[in-house]
Amino acid sequence: MSNNPVKVTLPDGSARTFDGAVTGTLLAQDIGPGLAKAALAWQVDGEIWDLERQLSVDAEVSIITRKDEAALELIRHDCAHLMAMAVQELFPGTQVTIGPVIEDGFFYDFARNEPFKTEDLEKIENKMRELVDADHPTAREVWARDDAVKHFKDLGEAYKAEIISDLPADQDISIYFHGPWHDLCRGPHLSSLGKIGKAFKLTKLAGAYWRGDSNNAQLQRIYGTAWRDEKELKAYLFRIEEAEKRDHRKLGKEMSLFHFQEEAPGMVFWHPNGWTLYRELESYMRRKILKNGYDEVRTPQLLDRKFWEQSGHWDKYRENMFLSEADDKTLALKPMNCPCHVQIFNQGIKSYRDLPLRLMEFGSCHRYEPSGALHGLMRVRGFVQDDAHIFCTEDQIAEETKRFCDLLQEVYSELGFTDIRVMFSDRPAVRAGSDEVWDRAEKVLSDAAKNIGLDYVHNPGDGAFYGPKLDFVLRDAIGREWQCGTLQCDFVLPERLGAAYMGEDGKKHTPAMLHRVILGSMERFTGVLIEHHAGKFPIWLAPVQVVVASITSEANAYAEKAVEALESAGLRASLDVRNEKINLKVREHSLAKTPVMFVVGKKEAENTTVSIRRLGSKDQETLALDEAIHDLTQEARPPDLQ
RNA sequence: GCCGCAGUGGCUCAGUGGUAGAGCACUCCCUUGGUAAGGGAGAGGUCGAGAGUUCAAUUCUCUCCUGCGGCACCA
């Protein structure tokens, strides 16, 4: 170790010089005993280091304590080790594999013949607390690769040995010891297990494939969450509870929007309330799309197998298609609309003057999704896409991309989503079309995206089998992301399906085809809306926009009249003249999330007024019935008609 | 599809090797009450489906179905 002086610069700009190499611990002690006690790790030129790691060159440094955001990652990483340690103590013979930090927590994948039971989580958690109390110190060693491989093999840790063998040759094989237990790990780690604290909780048990490949063995994964203190843990658990409250499956049941049943897994039974919401959304989209130069069409759902053979779907997606037999033929329910739209394009002779031709359909599709993938409205087997295909020349792609992105932004913003992320996905391993065609398609689409200033993230290898795509991911009210829109550039299918137009040069050409959706699946987007609004829909979407509730039976006739007036003004109104107290009615309609309530008693009946109560407010406002209806009619207009 | 868990009246859930219970909702009666639960009575379940063990299964075992949490998948 060199004895040259080491100068470190602290965040406040002050500098300290040490005679030789310095560790985080030494530095913290040098600054003060309080900090020495609170130190968890230190940051050297932006990189987090173990406290005991030696620094022998000048650097910018800071001491990390529990107060720092960076402490979270350290705590979670240590917690993963702690859990693995507890598991191996409780269940000897269990092999460890990997245990990374993830959003809000960590997990560790184990290989063990016996399955873990839910009850085991508590045992493991208790053992973890014991180990925290024991406060085993951490030590780091660097081993020779072959020694490390042999060591873990001898221990029966085949997975660890495999991981080490696969590490790049130039990488140090660092082993971390926590008292009697050790693991291969890149680090950094806290200086002892006690520093983790006890604000952790094991949350769920799951299966996970080794190296994420379903051909490999399935491991047992235990998830946990860990925080800097009890308060943060509580806040996290509260956040989870709040998210559960707005779960669209729960709200769908409570608000009678839709249901599923086992005779039709993954297919929605829409109830009157839910269908009203769906239809409002559909009407809105139809107006937006038709205004943007599209023509609406409708195509068959059941088509002959040979049709799908020609399109290439039979080869690649046969396993995921619903099949049927009739007239000695095999038919398949359409999994997407594009081949059908090409058939419409192919009717008659198209001229370059007809391009771009934009065909739009609320296309009803079926996909045989794996049973484990189904999830409420978010992942279904029968769904409707707000789908369209734009047939155009290659030169028109840039302009069409711009038009589409403008429309998409407008729709998202009118529906209340402003935080949108874009991804550009290029050629997948399994694909149709030559590399030359892919080169062209990727270039034209990414250039178009760049030209309109889209700030996209590159997502390699995730394109559709026929072309590259732009995906649009939106963030909802509580920060979750939903992939909805997509724009896919396709030079393959039009050719395969024989689409052609007569060019200016009098020769036949194959058009390019842009596949695009904005909402994606209507079902899924409805689910997103339910969760985004937590069931408290804006008036234009609310299944029941206003309920008229009478206070006494003497006002019932007037209440009926008010409902009739609301309905003739085009509003969705319902009547509540039950023989119940107004308190109960207010409570029930509030719980039902009806946005507006007209409360009418004797006074209102005599004066032709209504007492208005809005969802989420205790205020009351009395207005003349006509005026109230007039105001509400304005307010209930969809965003594009405001 | 894979791993783990679950399936009991419309809903939320309790419970037991001797064929079931609560709250809410529902029906009826009383109550006409001014902004988040007025009172009383009543009705309602082949305990997901099939098979097995047992004198006896909603309860134990197996198979299947569906759902839930992940994984894998998502044209």
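Just so we're clear, the structure is a prediction, and the values are computed from it rather than from any experiment. So you know, we letter chains A, B, ... as the sequences are listed, proteins then strands, and number each from 1.
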- Message: Just so I know, are the side chains of A/Ile539 and A/Arg614 near enough to count as touching, which here means a heavy-atom distance under 4.5 Å?
- Response: yes
- Task: Write down the distance separating the C1' atoms in B/G52 and B/C11, rounded off to the nearest Å.
- Result: 34 Å
- Task: Answer yes or no: side-chain N or O of A/Tyr209 and base N or O of B/G1 forming a donor-acceptor pair under 3.5 Å.
- Result: yes
- Which of these nucleotides, B/U32, B/G70, B/G33, is closest to any side-chain atom of A/Ile551? B/G33
- Query: Would you call A/Asp462 and A/Met423 a side-chain contact if the rule is heavy atoms closer than 4.5 Å?
  - Reply: no
- Distance between the P atoms of B/C24 and B/G18, in whole angstroms? 29 Å
- Query: Nearest-Å distance, CD (A/Glu254) to C1' (B/A25)?
  - Reply: 13 Å
- Among the nucleotides B/G38, B/G69, B/A36, which one has an atom lying closest to any side-chain atom of A/Leu584? B/G38
- Inter-nucleotide C1' distance (B/U12, B/A25), Å rounded: 11 Å
- Query: Passes side-chain hydrogen bond (donor to acceptor under 3.5 Å, both in side chains), A/Ser550 versus A/Asn556? Steps please.
  - Reply: CA-CA 6 Å; A/Ser550 60; A/Asn556 285 358; 2.7 Å; yes
- Task: State whether A/His589 places a side-chain N or O below 4.0 Å from either non-bridging phosphate oxygen (OP1 or OP2) of B/U35.
- Result: no
- Query: Does OP1 or OP2 of B/U35 have a side-chain N or O of A/Lys618 closer than 4.0 Å?
  - Reply: no
- Mate of B/U63 where both pairing distances stay under 3.5 Å, Watson-Crick or G-U: B/A49
- Item | Rounded interatomic separation in angstrom, taking CG from A/Leu374 and P from B/G70 | 14 Å
- Looking at B/A75, does its base get a donor-acceptor pair with the side chain of A/Arg431 below 3.5 Å? no
- Indicate the ring-plane relationship of A/His389 and A/Phe391, choosing parallel, tilted or perpendicular according to the 30° and 60° boundaries. tilted
- Query: Do the numbers put A/Arg305 on top of the ring of A/Trp308, so that NZ or CZ is under 6.0 Å from the six-membered ring centre and no more than 45° off the axis?
  - Reply: no
- Message: Tell me if the side-chain of A/Arg379 makes a donor-acceptor pair with the base of B/C73, cut-off 3.5 Å, by modelled atom types.
- Response: yes
- Mind checking the C1' distance from B/C65 to B/A51? Whole angstroms is fine. 15 Å
- Query: Within 45° of the ring axis of A/Phe106 and under 6.0 Å from its six-membered ring centre, is that where the NZ or CZ of A/Arg76 lies?
  - Reply: no
Where do N or O atoms of nucleotides 5-11 of chain B meet protein N or O atoms at under 3.5 Å, pair by pair?
unit_1, atom_1, unit_2, atom_2, d
B/C5, OP1, A/Lys117, NZ, 3.3

- Message: Less than 4.0 angstrom between a side-chain N/O of A/Asn583 and OP1 or OP2 of B/U35, yes or no?
- Response: no
- Item | Any A/Met513 side-chain heavy atom under 4.5 Å of A/Phe345 side chain | no
- Ionic contact status for A/Glu244 with A/Lys250, cut-off 4.0 Å: no
- Ion pair present between A/Asp109 and A/Arg211, side-chain N to carboxylate O less than 4.0 angstrom? no
- Message: Any heavy-atom pair between the side chains of A/Trp482 and A/Leu474 that's under 4.5 Å?
- Response: yes
- Message: Please name the nucleotide paired to B/G44 by Watson-Crick or G-U wobble geometry with both distances under 3.5 Å, or report none.
- Response: none
- Checking all strands, does A/His375 fall into the base, sugar-phosphate, or nothing category for heavy-atom contacts under 4.0 angstrom? sugar-phosphate
- Message: For a quick check of understanding: with a heavy-atom distance under 4.0 Å over all strands, which category does A/Gln261 fall into, base, sugar-phosphate or nothing?
- Response: nothing
- Start at the 5' end of RNA chain B and walk down; is the nucleotide closest to A/Lys469 or to A/Gly601 reached first? A/Gly601
- Item | Span that lies between the C1' atom of B/G7 and that of B/G48, in whole angstrom | 6 Å
- Task: Using only side-chain N and O atoms of A/Arg249, determine if any of them is under 4.0 Å from OP1 or OP2 of B/G69.
- Result: yes
- Query: Mind checking who B/G1 pairs with, Watson-Crick or G-U wobble, both distances under 3.5 Å?
  - Reply: B/C71
- In whole angstrom, give me the gap between the P atoms of B/G21 and B/U61. 25 Å
- Item | Nucleic acid contacts - residues 519-535 of chain A versus RNA chain B, non-hydrogen atoms under 4.0 Å | none
- Task: Please figure out whether A/Arg578 or A/Arg587 has its closest RNA chain B nucleotide nearer the 5' end.
- Result: A/Arg578
- Taking a pair as Watson-Crick or G-U wobble with both distances under 3.5 Å, which nucleotide is matched to B/A22? B/U12
- Query: At under 4.0 Å between heavy atoms, what does A/Ala206 touch on the DNA or RNA strands: base, sugar-phosphate, or nothing?
  - Reply: base
- Using a 4.0 Å heavy-atom cut-off across all strands, classify A/Pro370 as base, sugar-phosphate, or nothing. base
- Item | Span that lies between the P atom of B/A22 and that of B/U63, in whole angstrom | 36 Å
- Query: Out of B/A72, B/G34, B/A36, which nucleotide sits closest to the side chain of A/Leu591?
  - Reply: B/A36
- Task: Look at all strands and tell whether A/Asn320 reaches a base, only sugar-phosphate, or nothing, counting heavy atoms closer than 4.0 Å.
- Result: base
- Taking the six-membered ring for Trp, does A/Phe465 stack with B/A75 (centroid gap under 5.5 Å, planes within less than 30°)? no
- Select base, sugar-phosphate, or nothing to describe what A/Gly312 touches, counting heavy atoms under 4.0 Å on all strands. nothing
- Under 4.0 angstrom between A/Arg613 side-chain N/O and B/A36 OP1 or OP2: yes
- Task: Considering just the side-chain nitrogens and oxygens of A/Thr552, establish if one lies under 4.0 Å of OP1 or OP2 belonging to B/G33.
- Result: no
- Report the distance from atom CG of A/Asp386 to atom CE of A/Met360, rounding to the nearest 0.5 Å. 6.5 Å
- Task: Hey, could you give me each pair passing salt bridge (Lys or Arg N to Asp or Glu O under 4.0 Å) that has a residue in residues 519-531 of chain A? Not counting sequence neighbours.
- Result: A/Arg480-A/Glu531
- For nucleotides B/G34 and B/G23, find the distance between their C1' atoms and express it as a whole number of Å. 29 Å
- State whether A/Phe491 and A/Arg440 meet the cation-pi test: NZ (Lys) or CZ (Arg) under 6.0 Å from the six-membered ring centroid, and within 45° of the perpendicular axis. yes
- Heavy atoms under 4.0 Å, any strand shown: does A/Lys204 hit a base, just sugar-phosphate, or nothing? sugar-phosphate
- Using a heavy-atom cut-off of under 4.0 Å over every strand shown, decide if A/Glu319 touches base, sugar-phosphate, or nothing. nothing
- Can you tell which of B/A37, B/G69, B/U35 lies closest to the side chain of A/Gln620? B/U35
